[in-house]
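Step one of this worksheet: look at the structure below.
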Amino acid sequence: MATIQKHNFRTVEVDREDLDRKLKAHRRKVAAVVILVLLLLLAAVIVTYIYYENKIYSTYDVVSSTPRSDISASDFTEFQGKLLKCTNDGAVYTDLSGNLIWNQTYEMDHPVVQKNGSYVVIYELNGTQVYILDTLNLQGSIRTTMPIQKVSIAAQGTVAILMENEGTSYLQLYDKSGGQLASGELHVQNSGYPLDVALSENGEKLAVSMLDINGGSVKTVIAFYNFGTVGQNSIDKIVSSYSYADMVIPQIRYLAEDTMVAFGDNRVILFTGAQKPAEEKSIELKDEVKSIFYDQTHFGLIYDAADGKNHRLEYYDISGRQLLNFDFDTDYTNVEILANGELCILGESSCEIFNGRGVRKFQCDFQEHLYQILSGRMQSDYIFILEGEMQKVKLR
């Protein structure tokens with residue numbers, strides 16, 4: 001028979017308030033440690049970011065080099081992280097390792113390239129052929145019956161073509177496959193001589209800059225067309241129009257869907273508006289602008305500096321707020337905003353790279369002709385397109 005043992009259990013009373021107090025204190029201590037660790041990590045990230053943002057590089061290592069025999073007499077541009085090369089007899093789109101994506105043949109003395117989003121358009125001033133391509137292949141082509149003056153492409157592939165024939169200008173819109181969407185005439189005696197056209201990203205809004213010299217005075221009129229539902233109730237689909245006396249505006253561009261910038265000879269004007277654009281800001285120009293550059297979020301102006309030897313660069317965000325203003329002495333051929341947001345000033349065989357605060361990050365003189373610089377994935381990675389080769393490099 002099993003023996004049953006009896007045990008006497010003692011009841012222990014627990015101070016519930018004291019236990020809760022100790023648990024809260026422990027949780028506060030753990031939270032304080034976690035916050036401290038996060039603050040230290042954040043500080044480390046900030047210090048590292050500031051260090052690399054302000055780091056000055058003096059040289060570079062060539063990570064890899066690819067010989068190229070197709071570089072001479074070519075224009076290179078970055079397109080969606082890859083390389084687009086244009087010559088008089090065709091355009092070639094490759095990845096950064098040189099692998100072919102597409103090849104488009106044509107015959108043009110001076111091909112003009114315009115990019116927007118995932119689409120690119122290639123045409124020639126006074127020519128009659130337009131090619132519409134994306135990152136995969138040819139999407140459409142257009143052969144006009146009159147000489148082409150200007151072309152603008154929207155981010156979704158819509159194309160606006162400005163043409164002229166015997167004193168009358170014609171404006172036509174096409175979809176990305178080359179199908180005509182709209183067509184109209186712009187009579188010089190009524191509206192002035194068209195200087196430039198600009199399509200919004202969705203292709204619904206179109207701006208036209210027109211020079212009017214009637215009556216012995218000079219003025220520029222900027223008209224905004226809306227091809228959406230809003231424009232259906234407006235005469236000729238014009239939803240707003242602005243006139244500027246004693247001013248020539250040869251170039252206009254939509255930087256973003258609702259923001260257009262007009263580069264005039266004495267002012268830069270920003271227009272905003274989802275449906276009916278209105279003037280938002282005007283920037284007075286005290287000197288003659290030599291060059292302009294822009295992307296979807298910024299634009300810049302280049303002047304001759306006061307000493308007559310250097311150049312002055314002004315850099316603005318999309319709202320017209322000036323971010324940078326500095327002089328540089330490079331005999332430049334082009335100024336670009338790289339994919340990483342840095343500014344690159346290119347010479348025939350030299351370059352200067354500036355970060356977003358105007359600090360000169362890198363400067364180099366090359367023995368070979370320099371065609372293009374592309375930014376890489378890391379802050380110190382770049383691609384140099386030089387005479388005879390393409391180099392992937394790391395700054396140090």
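Residues: numbered from 1 along the sequence shown.
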By the definition side-chain hydrogen bond (donor to acceptor under 3.5 Å, both in side chains), identify the one residue from Glu389, Gln391, Lys392 that meets it with Ser65.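 Of Glu389, Gln391, Lys392, side-chain hydrogen bond (donor to acceptor under 3.5 Å, both in side chains) with Ser65 is met by Glu389 alone.
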Exactly one of Gln275, Gln232, Lys276 should register a side-chain hydrogen bond (donor to acceptor under 3.5 Å, both in side chains) with Asn226. Which one does?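 Testing Asn226 for a side-chain hydrogen bond (donor to acceptor under 3.5 Å, both in side chains) against Gln275, Gln232, Lys276 leaves exactly one candidate, Gln275.
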When you look at Asp134 and Asn137, which way does the side-chain contact (heavy atoms from CB on, under 4.5 Å) test go after all the steps? CA-CA 6 Å; Asp134 65 2; Asn137 50 36; 3.9 Å; yes
Report yes if the side chains of [X] and [Y] come closer than 4.5 Å at any heavy-atom pair, otherwise no.
X: Leu343; Y: Phe293; result: yes
X: His26; Y: Leu23; result: no
X: Leu84; Y: Trp102; result: yes
X: Ile383; Y: Leu96; result: yes
X: Glu280; Y: Thr259; result: no
X: Glu279; Y: Leu270; result: no
X: Ile101; Y: Leu136; result: no
X: Ile122; Y: Gln104; result: no

Taking all atoms of both residues into account, what is the closest heavy-atom pair of [X] and [Y], and its distance?
X: Ala91; Y: Tyr106; result: N-CE2, 3.5 Å
X: Ser200; Y: Ala154; result: O-CB, 3.2 Å
X: Lys281; Y: Gly320; result: NZ-O, 3.1 Å
X: Asp196; Y: Pro250; result: CB-O, 3.5 Å
X: Ser234; Y: Val239; result: OG-CG1, 3.7 Å
X: Pro194; Y: Leu162; result: CB-CD2, 3.5 Å

Answer with yes or no after comparing the ring centroid distance for [X] and [Y] against a 6.0 Å cut-off, counting only values under it.
X: Phe326; Y: Tyr315; result: no
X: Phe299; Y: Tyr316; result: yes
X: Phe384; Y: Phe366; result: yes

Whether over 12 other heavy atoms sit under 6.0 Å from [X] [atom1]:
X: Glu348; atom1: CD; answer: no
X: Ile213; atom1: CD1; answer: no
X: Leu38; atom1: CG; answer: yes

Connected via hydrophobic side-chain network under 4.5 Å: [X] and [Y]:
X: Phe79; Y: Val113; result: yes
X: Tyr60; Y: Ile373; result: yes
X: Phe328; Y: Leu370; result: no
X: Val159; Y: Val112; result: yes
X: Ile345; Y: Leu324; result: yes

Rounded to the nearest 0.5 Å, what separation is found between the [atom1] atom of [X] and the [atom2] atom of [Y]?
X: Tyr174; Y: Ser141; atom1: OH; atom2: OG; value: 11.0 Å
X: Tyr225; Y: Leu199; atom1: OH; atom2: CG; value: 12.5 Å
X: His311; Y: Ser291; atom1: NE2; atom2: OG; value: 8.5 Å
X: Asp95; Y: Lys82; atom1: CG; atom2: NZ; value: 7.0 Å
X: Leu338; Y: Cys344; atom1: CG; atom2: SG; value: 5.0 Å
X: Leu138; Y: Ile132; atom1: CG; atom2: CD1; value: 8.0 Å

So, [X] side chain and [Y] main chain: donor-acceptor pair closer than 3.5 Å or not?
X: Asn116; Y: Tyr119; value: no
X: Asn334; Y: Leu346; value: no
X: Thr220; Y: Met247; value: yes
X: Asn165; Y: Thr168; value: no
X: Gln80; Y: Gly117; value: yes
X: Ser350; Y: Asp365; value: no
X: Ser240; Y: Pro277; value: yes
X: Glu124; Y: Gly127; value: no
X: Gln372; Y: Phe76; value: yes
X: Glu257; Y: Asn202; value: yes

For [Y], is there an ion pair with [X] - N to carboxylate O distance below 4.0 angstrom?
X: Lys394; Y: Asp61; result: no
X: Arg312; Y: Asp287; result: yes
X: Asp381; Y: Arg377; result: no
X: Lys361; Y: Glu352; result: no

Using side chain to side chain contact (heavy atoms under 4.5 Å, CB included) as the criterion, point out the one residue from Ile292, Ile249, Ile283 that pairs with Val268. Ile283
Using side chain to side chain donor-acceptor pair (under 3.5 Å), reason through Ser177 and Asp175 one step at a time and then give a plain yes or no. CA-CA 5 Å; Ser177 63; Asp175 61 25; 2.8 Å; yes
Salt bridge (charged side-chain N to carboxylate O under 4.0 Å, His left out) partners of Arg267, counting only residues at least two apart: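 Once residues adjacent in sequence are excluded, Arg267 has no partner under the salt bridge (charged side-chain N to carboxylate O under 4.0 Å, His left out) criterion.
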Please tell me whether Ser282 and Glu284 have a donor and an acceptor in their side chains that are separated by less than 3.5 angstrom.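 Looking only at side-chain atoms, Glu284 and Ser282 do not form any donor-acceptor pair under 3.5 Å.
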Check whether the side chains of Asp317 and Ser319 place a donor and an acceptor atom closer than 3.5 Å, and report yes or no.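 Short answer, yes.
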For the pair Phe224 and Phe271, evaluate ring pair (Phe, Tyr, Trp, His ring centres under 6.0 Å) and give the outcome as yes or no after the intermediate values. CA-CA 10 Å; Phe224 290 93; Phe271 298 86; 5.2 Å; yes
By side-chain contact (heavy atoms from CB on, under 4.5 Å) - contacts of Thr144 (at least two apart): Thr128, Ile142, Ile148, Ile161, Met163
Checking Tyr294 against Arg253 for the side chain to side chain donor-acceptor pair (under 3.5 Å) test, could you report, in this order, the C-alpha distance in whole Å, the side-chain angles of both residues, the deciding distance, and whether it holds? CA-CA 9 Å; Tyr294 51 85; Arg253 284 293 181 272; 2.8 Å; yes
